[in-house]
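This one's a predicted model, so the numbers in the text were calculated from it and none came from an experiment. Protein chains get the first letters and strands the later ones, always in sequence-line order, with residue 1 at the start of each.
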Amino acid sequence: MTETLQCWQALNRALDIEMSSDESVFTLGEDVGLYGGTYRVTEGLNAKYGEWRVRDTPISEGGFTGLGVGAALTGMRPVVEIMTINFALLALDAIINMAAKIPFMSGGQFPMPLVIRMPGGVARQLAAQHSQRLEHTLMNVPGLRIAVPATPQDAYWQLRQAIASDEPVILLEHELLYFEPGEVDLAAEPPPMHQAAIRRTGTDLTLVSYSRMANLAAQAADLLAKDNIRAEVIDLRSLSPIDWDTCAASLHKTHRLLVAEEDCRFAGAGAEIIATLNERCFYDLDAAPARVAGLDMPTPFNAELEAASIPGVSDIVKAARRLVGREKPL
Amino acid sequence: MTETLQCWQALNRALDIEMSSDESVFTLGEDVGLYGGTYRVTEGLNAKYGEWRVRDTPISEGGFTGLGVGAALTGMRPVVEIMTINFALLALDAIINMAAKIPFMSGGQFPMPLVIRMPGGVARQLAAQHSQRLEHTLMNVPGLRIAVPATPQDAYWQLRQAIASDEPVILLEHELLYFEPGEVDLAAEPPPMHQAAIRRTGTDLTLVSYSRMANLAAQAADLLAKDNIRAEVIDLRSLSPIDWDTCAASLHKTHRLLVAEEDCRFAGAGAEIIATLNERCFYDLDAAPARVAGLDMPTPFNAELEAASIPGVSDIVKAARRLVGREKPL
Amino acid sequence: MDRETLHRFLHDMLLARAFEERAAQEYSEGNIAGFLHLYPGEEAVAVGVIHATEPGDYIATTYREHVHALVRGIPPRQVMAELFGRRDGVCKGMGGSMHLFDRERRFMGGYAIVGETFPVATGIAYSIALRQLPEAVICFFGDGAVNQGTFHEALNMASLWKLPVLFVCENNHYQIGTEIHRHSAVVNVYKRACAYNIPAEKVNGMDVINVYEATRHALTQIRAGNGPQLLEFETYRFRGHSMADAGSYRPRVEVNSQTGRDPVETVIHEAKLGYPTQAEIAAAGPDLVEQLVGHSAAVGHFDDRHIEAVRDEVKRIVDDAAQFALSSPPPTMDDAWSSLYCNRQHETLTGAA
Amino acid sequence: MDRETLHRFLHDMLLARAFEERAAQEYSEGNIAGFLHLYPGEEAVAVGVIHATEPGDYIATTYREHVHALVRGIPPRQVMAELFGRRDGVCKGMGGSMHLFDRERRFMGGYAIVGETFPVATGIAYSIALRQLPEAVICFFGDGAVNQGTFHEALNMASLWKLPVLFVCENNHYQIGTEIHRHSAVVNVYKRACAYNIPAEKVNGMDVINVYEATRHALTQIRAGNGPQLLEFETYRFRGHSMADAGSYRPRVEVNSQTGRDPVETVIHEAKLGYPTQAEIAAAGPDLVEQLVGHSAAVGHFDDRHIEAVRDEVKRIVDDAAQFALSSPPPTMDDAWSSLYCNRQHETLTGAA
Ligand SMILES: Cc1ncc(C[n+]2csc(CCOP(=O)(O)OP(=O)(O)O)c2C)c(N)n1
Ligand SMILES: Cc1ncc(C[n+]2csc(CCOP(=O)(O)OP(=O)(O)O)c2C)c(N)n1
Ligand SMILES: [Mg+2]
Ligand SMILES: [Mg+2]
């Protein structure tokens with residue numbers, strides 16, 4: 001029994017269900033209450049659960065993220081919304097030095113049932129300060145989990161799993177996905193939070209991606225299929241940990257790896273994906289693993305340049321062709 | 001004409017020379033003035049240049065790093081000391097959203113002659129919150145340069161170059177290197193700030209490293225040489241940009257790559273080094289590039305566990321042996 | 001108030017209003033995209049404050065800064081072209097609406113991360129003080145920005161070192177959808193300054209002459225070496241927070257979220273917490289631009305003809321700016337790369353591309 | 001003050017002093033390494049404040065927190081073993097001196113990043129308020145921590161939502177080597193609270209009874225639902241900032257840095273800005289521990305024999321703690337991995353190692 005939901009609705013349902021079944025769940029952030037959330041994720045919850053469980057905050061990202069940490073220490077299950085990931089730079093001490101380290105520093109005394117949701121990525125002409133990605137920063141932090149849903153179904157599953165988890169989980173949501181519809185089965189049993197999904201099977205190359213880029217990768221694979229290039233598309237769903245086994249099994253079959261990411265190429269998430277898979281699968285590989293990734297520049301405001309600064313479907317197609325030695329004649 | 005200086009002294013000389021020759025240079029940070037700096041880097045400068053040019057600050061890392069950005073916009077050349085890199089998590093908005101982006105967002109109107117110095121790395125039992133590395137985070141930021149000196153000579157050169165540069169430069173200093181002595185030629189012409197140094201030539205494998213680990217890599221190479229394994233040791237000196245040409249030329253000769261880093265393996269600096277060199281040199285490589293890196297855990301306080309959480313010389317030796325297929329018989 | 005000054009106020013207020021309304025129209029027509037935060041209702045603050053500055057002074061401001069840029073003298077053409085993301089924009093289309101910079105005019109940026117203006121302004125002021133120059137910095141910020149840690153850190157340092165900075169709060173009572181009573185433990189922003197020994201005052205921000213006088217007074221103190229000052233201007237934004245926020249959410253979201261509540265409570269809530277209705281805006285007093293027009297006539301400086309001529313002039317300026325922006329080419333990727341001071345992509349050790 | 005309470009104060013103050021002096025000795029002997037921040041001189045604050053709390057209350061504190069842990073009831077053995085980095089430490093040797101945690105006793109951590117206690121304490125208080133429990137949180141911090149942005153953000157939220165948190169400033173006038181006049185625009189820390197409408201008071205922190213009474217009073221207010229309070233305790237640390245800072249730098253660094261200055265200015269500087277000399281410490285009044293001893297005798301509760309017995313007892317406790325720590329084994333790598341809740345290294349999808 002599925003229904004069609006947009007991503008924000010799927011997240012809204014997940015929050016609602018968790019809040020109704022567990023009184024220790026509460027959410028806070030800027031304009032999550034009366035306003036219903038910038039991307040509508042918390043719509044209606046304020047009226048249903050009251051201001052203490054759906055709390056509008058001042059503009060104090062470091063402070064209210066740290067507040068989430070403190071509340072989690074007492075066994076509450078806070079869901080902190082950082083209005084957009086760009087403001088998370090003000091909250092990294094709370095995330096990295098507190099949430100990720102307290103459980104360890106206390107010798108394992110304290111679980112950290114904290115969820116931090118942040119919309120991010122390049123949207124539409126929001127300019128350099130509002131087009132950020134932070135996956136590379138968070139991935140390097142031991143003690144954090146990072147979920148990167150690309151579909152409403154995954155958004156629903158992973159938010160519920162994140163809330164139920166005793167570990168700190170960062171949910172990286174992509175701003176361009178909120179109003180994308182998809183089929184959601186609210187009752188289905190979810191796969192483990194960090195299990196990768198094979199979106200399409202193929203034998204010629206493995207296309208690894210996540211978040212919005214996973215959808216572009218799937219579109220690229222459709223186009224490639226027309227020319228008989230069969231790409232296997234893997235949506236990682238989680239950047240920490242990464243489901244290496246699924247990737248390695250695919251490479252064993254395809255012998256070629258292409259990573260598509262919106263993040264800047266230099267030291268982005270793709271670097272880790274390639275480094276580890278190369279280590280694990282070196283003798284399986286027929287060509288150097290390649291990356292399609294964002295340019296090494298802050299995001300320009302102008303629309304054409306903005307679009308040119310991150311990969312599109314055609315860039316993925318082009319890179320895939322090059323990788324399998326089937327570049328179109330000029 | 002060289003003299004023997006400890007790293008802190010080399011940095012102190014560099015600052016002193018730049019401050020005496022350019023009135024727009026000033027430094028600020030916690031206890032850099034009367035106290036002379038936690039690691040003595042600013043010793044004596046307060047008396048010589050006065051409190052306006054050697055400014056003790058409150059504990060306001062976000063605020064005073066942003067202050068440095070503002071001052072740089074007017075053409076000053078601030079050298080911000082963040083007492084240790086662990087506190088830089090409170091200043092990342094100023095570094096990433098301001099220093100790195102303003103030149104670009106202004107259409108190139110504003111240079112950003114800002115230097116940010118930060119001691120970091122695992123020192124001696126400072127526990128998880130004081131044993132941080134941030135290279136992965138900063139590397140992914142377009143518009144920043146990162147220098148990682150391993151010797152007093154490089155510390156001297158790179159700090160002077162950083163101050164003279166119109167671009168924002170982060171100087172990552174390692175806490176265990178401050179009191180290491182080395183020969184420094186104050187008058188010699190420096191190589192470009194981001195040029196890698198070949199610390200030792202060799203033909204059997206290329207050992208790429210930086211900061212304190214570069215010194216351990218050189219020691220490992222000495223040990224390996226005793227068994228006739230000739231490692232070429234490359235000290236990157238700069239993590240952004242990286243001198244790929246020097247590395248690629250070496251791989252062309254050795255066909256094997258080992259990266260040694262103190263940072264956690266997962267999504268650390270080594271991931272980028274391997275991903276790019278693998279792309280560039282895939283057909284030169286006889287084995288999968290490998291990493292020796294920190295464990296994926298916050299740094300434990302206990303001394304033995306702390307030591308076991310980051311690579312030592314013997315770990316590098318072991319990995320190098322494995323890479324060249326010359327593991328010692330058990 | 002002399003005639004010339006009053007004329008400039010009138011001109012800039014009318015220009016500000018016309019420019020912003022035109023920007024809204026261009027947004028609806030698809031010529032401007034992204035976040036667009038408009039200033040109608042708050043014009044008296046930018047006009048009054050910036051007219052009280054000297055050319056040697058610096059301005060640091062927020063994403064809601066088009067009017068500040070215009071009043072500071074950046075040609076409307078270049079501001080509009082930047083909003084359009086074009087090459088002839090003041091930042092070549094790299095920054096856009098929220099990031100106007102003009103080095104020549106010491107317009108030190110629009111910042112889109114709330115609270116960034118505090119440390120930037122403090123740093124500029126530090127560099128002035130270090131060199132013992134007679135200049136000052138104006139630091140603009142909203143009521144919501146006051147709760148950011150950078151406010152606290154910057155004000156402490158500015159006061160500790162007696163830096164020449166004027167902190168200017170544009171208190172429009174809203175942090176997007178959150179009314180000041182719900183984001184701040186102290187609703188009189190100027191009272192926050194007591195924690196730093198900074199002289200502060202609340203001023204009517206709907207009257208440009210008031211704003212101008214208060215700013216001049218504060219700047220005189222600051223130039224005398226007495227350290228920072230803070231002015232809180234009470235004002236009101238007539239539009240939604242940004243164009244993404246054209247008011248439609250209030251019936252949709254807020255009213256939905258009230259469903260199931262006691263209707264009496266709902267009314268109380270709406271009155272206390274909702275976005276301004278047109279009635280509330282009207283209740284805030286006569287429109288500040290028309291008020292100034294009235295004043296100008298009343299003091300006998302200008303007759304209706306003069307005022308109509310100014311209205312025509314600003315319309316021409318805005319039309320011209322929009323025309324200019326529309327015909328300006330987009331920037332190229334080369335423009336982008338060359339805007340980067342620090343450029344890994346295009347650089348090799350040998351200097352080759 | 002009843003006899004029993006006074007006895008507990010006396011016991012804890014003497015234990016605190018003896019424990020810290022022993023830690024210093026163990027540091028010199030190489031049994032403790034890393035940063036070690038000691039508390040002598042400030043004992044009255046931790047003892048007075050924590051004795052005024054209930055078992056249901058929570059404590060969040062800084063890296064200078066051994067005494068707070070002891071007073072809260074964590075066995076000295078477990079505290080000392082943690083300082084040694086041993087497996088029987090309260091955090092199994094993972095946290096060390098700056099990071100003592102005890103879930104059972106609601107000791108919510110020592111935090112080594114200055115300013116972290118503010119949001120943590122606020123979050124704990126939020127969760128109390130949400131559940132409408134009668135508990136409260138004590139948030140300790142130094143005078144230097146007041147300039148961190150988190151102070152500002154947390155105090156605003158705590159006041160806005162009337163959270164049950166007592167902010168306790170241990171004002172020892174120094175931020176490592178920077179005296180309060182040089183780091184804060186307002187040297188009376190309690191005055192900072194006015195920016196948030198938080199009731200605040202300055203209290204003599206060298207007298208444990210004073211501290212205790214003031215804390216009890218504040219907690220009564222807080223439990224009555226009146227929101228947060230702030231207490232500033234003026235105190236003094238008799239040692240350097242940490243063991244890395246044993247005082248030797250003052251002649252070496254500071255005096256060097258004064259070379260070439262006017263000697264009259266130098267004297268003024270030294271007096272105003274330098275670290276405390278022994279003479280200055282003495283001038284701060286009689287040692288607070290001995291003062292309490294004197295008081296206990298004066299009110300007739302205890303005679304010399306009793307006091308000597310307490311001295312002997314705490315010495316035995318500290319000896320035992322050190323002995324215990326020394327013989328405790330180091331933690332293993334397995335202990336470390338199992339302290340991590342979120343563990344990429346040891347985890348695969350199939351659950352295999
Ligand atoms: C650090 C940060 N947090 C959140 C936002 C999102 N945001 C943009 S404007 C705004 C409200 C700011 O209110 P105020 O300071 O009063 O300025 P106004 O828009 O009313 O002029 C918010 C929350 C942001 N840009 N930066
Ligand atoms: C964010 C941050 N900045 C700097 C430091 C380094 N540091 C440790 S303690 C300290 C001084 C703190 O002074 P105060 O708050 O008065 O506490 P005290 O040590 O006097 O008890 C500093 C600067 C730190 N640990 N964290
Ligand atoms: Mg506002
Ligand atoms: Mg102190």
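For the atom pair NE2 of D:His152 and CD of C:Glu153, the computed distance is 9.5 Å after rounding to the nearest 0.5 Å. Put simply, CG on D:Asn188 and CG on C:Asn197 are 9.5 Å apart, with the number rounded to the nearest 0.5 Å.
Within a 6.0 Å radius of NE2 in D:His173, other residues, nucleotides and ligands contribute more than 12 heavy atoms. More than 12 heavy atoms of other shown residues, nucleotides or ligands fall within 6.0 angstrom of atom NZ in D:Lys202.
Against chain C, the residues from residues 157-170 of chain D that qualify, each with a non-hydrogen atom under 4.5 angstrom away, are D:Ser159, D:Leu160 in number order.
Side-chain N or O atoms of C:Asn156 include one that pairs as donor or acceptor with a backbone N or O of D:Ala185 at under 3.5 Å.
The two residues D:Ala195 and C:Ala195 come nearest to each other via the heavy atoms CB-CB, 3.9 Å.
Chain C forms the most heavy-atom pairs under 4.5 Å with one residue out of D:Gly149, D:Gly227, D:Ala193, and that residue is D:Gly149.
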